[in-house]
Amino acid sequence: MNQFYQSTKTYFKTINFRKIIKKIGFLFLGIVMLLLITSVVLSVYFKNHKAEIITQINAKINESISGTVGIRDINYKFLKGFPNMTLALSQVELKDSLWSFHKRTLLKAEQIEIRVNVLGLLSNEINIDKIEIQQATLHLFKGKNGIINTAIFKPQLKGAKSKSSTTSSINEIVLDQVHFISENQLGNKLFDFNILSLQSKIDFGDDDWHTKLYVKTLAKNMAFNTQRGSFIKDKIVEGILVVDFSKQKNQISVAAENLEIGKERFDINAHFSLDKKKSPFDIAITTTILWKDASALLSDNISRRINQFDLKKPINVGCTIIGDMSETGDPEIVVTTKIKNNELKIPDGIISDCSFEASFTNQYEKGAGCNDVNSTITLTNLSGKYKTIPFTIPIGIISNFEKTTAAGSFKSDFPVSRLNEIVNKDLMHFSDGQAKVNLDFKFDILDLKIQKPLFTGNVTVKNATVNYGPRNLTFVKTEIQLDFTEQALLIKKINFKDRRNTVFMEGKIDNFLTLYYENPEKMLINWDIYATFLDVKQFVGVFTSSGQKASKKQRKKDDFSGGLYSVIDKCQMVLNLKADKMTYNKFEATNAKATILLLNNKLIIKNGWVQSSGGIISFDGQLAPYGDNFLWESSAKINRVDISHFLTSWNNFGIQSFKPRNIKGFLTASASLKGTLLSGGQLKTNSLSGAAKFDVSQGALVNFEPITNIGKFAFPFRDVNDIVFKDLSGNFKINGDLVDVNDLKVSSSVLNLDVNGVYSYNRGTNLAMTIPLRDPKKDEFIINKIERAANRNKGIVLHLMAVDVDGKIKIKWNKNHE
């Protein structure tokens, strides 16, 4: 290697090498001199023939142009494009003959460079090798009245020869900072591009031509319908387009691979017809892209809808656009995609493991136009999980983007406990059981909200346990069947168990879904309720409990608890209740029936009927919120109940002066009462008010202390320990602790007694008692009531007072008796 280096170094020092270098230098110098001489010759030629060249150019232009051309100056570019001659046309304006009407200049350029073949020019042929347009605006226009600014080329008559004997062709086109506008007011189309750079070398065939065109442009507007918005607005488009012209087909074809639009890459295949009467085109686009990035490239009328959705992973999308540039309205747009194991974001949450095939078209019905009304999205074989709940939609169709409707079928099969993922546990908590859904649906969509829904099909739940938190209700081993019909929701096989209660429920809701989404306060639920045993205090406590609403602070957007609670809270219910046995504290009844209305947080009872204490009790009433408590009103009729048993059941209504064991007989009464219930169903002490009438038949007073105390000195020879009543009746007015006693009449085997005044459950008793000492047995055989009443007060009559003295009832003489 060292020897080769030394020999090479020696050769560079030889005379032969120096001669070769000298010859190369002379050759290079000669070429440079030739270029300079040629350029000088061309420059001299241009100066000497400038007027002639301009004349030839103008002749060529004016031969074909109907309008005006303005060129401020033409200069020769020294050495540029050598050996050809480069001419620079500065401040060029091209206007058609109708410019005064539309005011749109077809072409306005700061500079246009034209490279002309010198040899062709010498042979009287203008062969334009290259055109470079710099800092220009090219504006194509078509007005609403059909006027255009492109009719600038004169029609060529058959057989007519050009006035100029020159011929021309263009081999290369370069655009630098060119603003291109295509404004079609008649068709509501607008294409507005800032072409930063465009380079094209054209290969000509016999009648066709071909080019690979590099373009970098800012798409300010690409609106196929200006009322709908622009596609790829404000995006940079860059890439190589393969463009072919076919004279036979009279169309231009454009193909591109990996064309960059914004930051995305697309494969594009398009065809544009050059027919004079029609200008049909078709564009096919394929790409792999993120949903949100694809949305950013679409027109406003599409993107504002699909922006409510998103897919986490990129998707493969195919799109075709077919239309006519000369016609009004939108082109036909068809988009197809196939999604596999993706994550779909919807307004109400996220669908995971999502797979489906989808297609969009704005011409669902052929011949009905390409518009929002005729636009449809079709989904097939959609499957996924909402939270942890799996579902499938074999087919779904979203139609009419002006008055949007959705239709399809929905299926799901999942453990009920998975509902805990979408419902706040403070509202409802689910455990055990399996749910199965099979529904067909159809509904309107307005602002992404469901309206006028129609579901048909069924939902079944087996062996589920559900706790309703605000009322502390627990449904155990529940079987629910929901049948959705066009008219109503039928609710079947609901079992409710809470402590001692076992309840079976079936219901019906007319127009359920529409009311659920639009007017829950108008929803009326008809329940048929049957209970083998019912604890009324607990049952009423369900409705009087203040409860706990589901926390709003922690509620997420995809948590349905708020809407569900609102519907439950606002809806109206009619409960047709039947119970074999029921209790309220110590009160027991059988064969209970009632109609219960739940309306605006008010509980109304109608046509209540029970058997209790050997008799029948019928009643009506209502319960309404009042602060932290509840107000209740009731009217009741009691028919021949065992009075001792009845009073025991109701804790003797708080009366302390005698015990239920002191009285026997059958009670018939009517009452209209008001009171306050505490949260949980307990009666608030001394809150009663109202009126009552009663009559006791076959009654007896046993060991009643106030009477026995009197009897010790007043009736020593009568049995006051067991007094049998022939008549025991009266009426009362109740106001809290005080009871106004009116016309309390006692006719017994021992004595007769009339009582009027005030009885107090606490302090303040003041009763006037009229007690004839005549032995009632003397009158027991008098059949005539009037005669018997006249004998009632004969003889000695005691007028006594029962008054409250230091919390005890004392008997005094009534000196001021009537």
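These values consider heavy atoms only, across backbone and side chains, with no hydrogens, waters or symmetry-generated copies.
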Point-to-point distance, once rounded to the nearest 0.5 Å, from [atom1] of [X] to [atom2] of [Y]:
X	Y	atom1	atom2	result
S618	N639	OG	CG	8.5 Å
D535	M582	CG	CE	9.0 Å
M505	W527	CE	CH2	4.0 Å
D483	T456	CG	OG1	11.0 Å
L379	I398	CG	CD1	5.5 Å
K581	Q611	NZ	CD	13.5 Å

[X] side chain near [Y] side chain, heavy-atom distance below 4.5 Å:
X	Y	answer
V696	F666	no
N742	F732	no
I617	F646	yes
V459	F484	yes
D413	F391	no
L673	W632	yes
F414	L419	yes
V739	V758	no

Any donor and acceptor pair, going by atom type alone, linking the side chain of [X] with main-chain N or O of [Y] inside 3.5 Å?
X	Y	result
D642	S644	yes
N420	S417	yes
T765	S760	yes
D620	N607	yes
S612	E588	yes
T668	R640	yes
N735	L738	no
S412	P390	yes

When you look at F619 and I605, which way does the side chain to side chain contact (heavy atoms under 4.5 Å, CB included) test go after all the steps? CA-CA 8 Å; F619 54 91; I605 302 174; 3.8 Å; yes
Exercise: do [X] and [Y] side chains pair donor with acceptor under 3.5 Å:
X	Y	result
Y530	D580	yes
D432	N463	no
K411	N438	yes

For the residue pair A464 and V461, what are the closest heavy atoms and their distance?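 So the two residues come closest at CB-CG1, 3.5 Å.
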Shortest non-hydrogen contact between I350 and Y386, atoms and distance: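 So the minimum-distance heavy-atom pair works out to O-CD1, 3.8 Å.
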Looking at D804 and R763, does any basic side-chain N land under 4.0 Å from a carboxylate oxygen?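 Salt bridge present between D804 and R763.
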Working for side chain to side chain contact (heavy atoms under 4.5 Å, CB included), residues L677 and L623: CA-CA 9 Å; L677 291 183; L623 190 69; 3.5 Å; yes
Determine whether N576 and D528 satisfy the following criterion, side chain to side chain donor-acceptor pair (under 3.5 Å), listing intermediate values before the conclusion. CA-CA 5 Å; N576 299 305; D528 290 327; 3.2 Å; yes
Please walk me through it: do L534 and L577 pass side chain to side chain contact (heavy atoms under 4.5 Å, CB included)? CA-CA 10 Å; L534 184 65; L577 174 66; 3.8 Å; yes
Please step through side chain to side chain contact (heavy atoms under 4.5 Å, CB included) for the pair V741 and N756, ending with a clear verdict. CA-CA 5 Å; V741 180; N756 287 277; 5.8 Å; no
